[in-house]
Amino acid sequence: RSDFSVGALSNSLLRVSYKGPNSFPTKTYNGGIMSKILIMMSGGVDSSVAAGLLLEQGHDVTGVTLRLADSPPDSGRVGGCCSLADVEDARCVARFLGIPHYSLNDKEVFQRTVLANFAEEYQSGRTPNPCYRCNQWIKFDHVMKWAEGLDFDAVATGHYARIEEE
C-alpha cells in the first residue's frame, strides 16, 4: 500500500503509526507526497537519523522529547532516557536539521502510571519492567493521542521495528 512510504525507508528503522487508512499521506509537496510527522527524539542516533530521513523524503517533521523525571545535569546519572541532557541533545539535532522541537513534560503522567504500577507490582513480589510500561502507556498511547490532537498524520521513533501489513 502507498501509505507505507515512510516505513519503506528501512524495514528496521522506523515505527510509524497511522490515524487511519485514508489520512496518510495528506499533502502535496513539490509535486510529491508529504505528511505531517511527529518524531519522538531521544537525543540518540536512531531517532536523529529517523528525523533526517523523514525530512529528506520531504515530510513536514516536528521533533518532541519527553521529560519524565527531574535529572539535574550534574547528577552523574548514566544511561536511561528523558534526562535534561537528552532533551538538549535532541534540541541540538533538531536545530541542525532545521525542524521545530518541543519538550513534552509528562512527569505527572509518568508518576501516575508507570511509577505507580512499578511500586504496586514490586510490592506484590513481581519484578516489572518500567521501560515496557512507559513504551505502552506513554510513548505509544499518551503521545499518540497528543499528536492526533495536533493533527499529525503519523508518529515516528528511532525504535527498531518490522512493519507488517494486515
Side-chain angles (χ1 to χ4, degrees), residues 1-10 12-27 29 33-44 46-55 57-71 80-84 86-91 93-94 97 99-121 128-166:
R1 293 178 16 190
S2 63
D3 60 346
F4 280 87
S5 61
V6 173
L9 289 171
S10 167
S12 63
L13 183 60
L14 302 176
R15 172 171 173 75
V16 179
S17 299
Y18 304 96
K19 289 200 296 191
N22 298 320
S23 68
F24 183 85
T26 61
K27 300 173 188 146
Y29 177 77
I33 305 292
M34 178 180 94
S35 295
K36 184 177 173 186
I37 299 177
L38 181 70
I39 176 81
M40 295 175 60
M41 300 179 72
S42 66
D46 296 336
S47 60
S48 298
V49 169
L53 289 171
L54 290 166
L55 192 61
Q57 265 198 342
H59 296 286
D60 179 7
V61 180
T62 299
V64 66
T65 303
L66 301 178
R67 285 294 317 277
L68 302 179
D70 291 318
S71 176
C81 69
C82 311
S83 69
L84 288 173
D86 295 328
V87 172
E88 187 55 32
D89 289 345
R91 185 172 294 137
V93 170
L97 293 173
I99 63 172
H101 177 266
Y102 299 93
S103 177
L104 181 59
N105 184 347
D106 268 346
K107 290 186 251 184
E108 187 275 325
V109 175
F110 183 73
Q111 177 70 40
R112 183 173 30 86
T113 58
V114 177
L115 293 182
N117 173 261
F118 179 87
E120 182 180 307
E121 292 293 309
N129 181 340
C131 295
Y132 171 79
R133 292 298 186 201
C134 183
N135 284 338
Q136 177 186 12
W137 293 332
I138 296 186
K139 292 179 183 174
F140 302 123
D141 182 38
H142 182 70
V143 172
M144 287 295 297
K145 290 175 184 167
W146 185 76
E148 286 175 4
L150 294 174
D151 292 326
F152 282 93
D153 300 310
V155 172
T157 74
H159 285 91
Y160 293 86
R162 184 173 324 159
I163 297 174
E164 297 180 5
E165 295 183 54
E166 293 183 16

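Note that the structure is predicted; figures quoted are calculated from it, not measured.
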_Quick one, P130 and V114 - any side-chain contact, counting heavy atoms below 4.5 Å?_
yes
_Crowding at CZ, F118 (>12 non-hydrogen neighbours, <6.0 Å)_ = yes
*asked:* Ignoring hydrogens, what is the shortest heavy-atom contact between G43 and S47? Give both atom names and the distance.
replied: N-OG, 3.9 Å
*Measure the CZ-CG distance between R133 and L115 for me, rounded to the nearest 0.5 Å.*
13.5 Å
*Determine yes or no for a side-chain-to-main-chain donor-acceptor pair under 3.5 angstrom, with H101 supplying the side chain and G63 the backbone.*
no
_Taking every non-hydrogen atom, the tightest pair across L68 and F110_ = O-CD2, 3.3 Å
*Does the side chain of I39 come within less than 4.5 Å of H59's, by heavy atoms?*
no
*So do R91 and S103 actually touch side chain to side chain, heavy atoms under 4.5 Å?*
yes
*Below 4.5 Å, heavy atoms only, C-beta onward: do N117 and W137 meet side chain to side chain?*
yes
_Measuring only between side-chain heavy atoms, which start at C-beta, is V143 closer than 4.5 Å to L38?_
yes
_Partner of D106 under side-chain hydrogen bond (donor to acceptor under 3.5 Å, both in side chains), chosen from R112, Q111, H142_ = H142
*asked:* Under a 3.5 Å distance rule, please check whether N105 uses its side chain to pair with a backbone N or O of K107 as donor and acceptor.
replied: yes
*How far apart are the closest heavy atoms of I99 and V61, and which atoms are they?*
CB-O, 3.5 Å
*asked:* For the CG atom of D141 and the SG atom of C134, what is their distance to the nearest 0.5 Å?
replied: 11.5 Å
*asked:* On a heavy-atom basis, which atom in L97 and which in A51 lie closest, and how many Å separate them?
replied: CD1-CB, 3.8 Å
*Return the minimal non-hydrogen interatomic distance between D86 and S42, and the atom names on each side.*
CB-O, 3.3 Å
*Nearest 0.5 Å please: distance from the CD atom of E108 over to the OG1 atom of T113.*
8.5 Å
*Looking at CD of E88 and OG1 of T65, how far apart are the two atoms once the value is rounded to the nearest 0.5 Å?*
10.0 Å
_Using 0.5 Å steps for rounding, measure from the OG1 atom of T62 to the NZ atom of K36._
7.0 Å
*In Å and rounded to the nearest 0.5 Å, what is the CG to CH2 distance from L104 to W146?*
5.0 Å
*Positive for side-chain contact (heavy atoms from CB on, under 4.5 Å) with V155, one of E148, M40, K139*: M40
